[in-house]
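Nothing fancy with the numbering, it's 1 onward along the sequence. Just the heavy atoms: all of them, side chains too, but no hydrogens, waters or symmetry mates, feed the values below. Bear in mind that the values here come from a model prediction, so they are computed numbers and not experimental data.
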Amino acid sequence: MAPIEKWPYPKWVWSPVGGWWCEPPNAKRNLGITMVGLVVVLGVVCKFSSAHERRPNTPIRPIPSEMWCKHALVDRAAGGTPKGY
């Protein structure tokens, strides 16, 4: 595919999103900062989730999150070990 040819457009038209062919000067840097922030927030949420995850009933099948769950061995011992472990 060939790149889109930029044609002349009216300069008096204002748009809050940048108008035609928007190329903000710091877009890559801002995207990088946003991605780092997103990874940090998701890491904190996953760590909190794995520390507080409890299973009152023993699952029928193996659940991947039990590999890193803090209470998996205690919860499995209380309800018995199902087949597949």
Side-chain angles (χ1 to χ4, degrees):
M1 273 174 106
I4 297 175
E5 201 175 308
K6 293 183 179 180
W7 62 84
Y9 59 91
K11 303 291 185 194
W12 64 87
V13 177
W14 180 83
S15 171
V17 294
W20 291 273
W21 307 295
C22 179
E23 296 172 4
N26 297 324
K28 290 182 182 179
R29 178 188 61 109
N30 293 343
L31 179 65
I33 291 170
T34 303
M35 289 298 136
V36 167
L38 184 64
V39 166
V40 168
V41 168
L42 287 176
V44 169
V45 168
C46 289
K47 185 168 176 68
F48 178 82
S49 174
S50 69
H52 291 85
E53 180 179 1
R54 298 302 301 255
R55 300 204 182 275
N57 299 326
T58 304
I60 297 170
R61 308 179 190 84
I63 297 176
S65 68
E66 287 186 330
M67 289 187 277
W68 57 81
C69 179
K70 183 177 175 181
H71 303 288
L73 294 175
V74 176
D75 291 343
R76 242 190 305 143
T81 304
K83 294 179 181 177
Y85 280 101

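Note that the NE2 atom of His52 and the SG atom of Cys69 stand 11.0 Å from one another [nearest 0.5 Å].
Residue Met67 shares its hydrophobic cluster (ILVMFWY side chains chained together at separations under 4.5 Å) with Trp68.
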Donor-acceptor contacts, no H, no angles, side chain residues 30-46, under 3.5 Å, sequence neighbours left out:
unit_1: Asn30; atom_1: ND2; unit_2: Asn26; atom_2: O; d: 3.3
unit_1: Thr34; atom_1: OG1; unit_2: Asn30; atom_2: O; d: 2.8

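Scanning for side-chain contact (heavy atoms from CB on, under 4.5 Å) contacts around Ser49 gives an empty result, with sequence neighbours left out. For Arg54, the side-chain hydrogen bond (donor to acceptor under 3.5 Å, both in side chains) partners are Asp75, not counting sequence neighbours.
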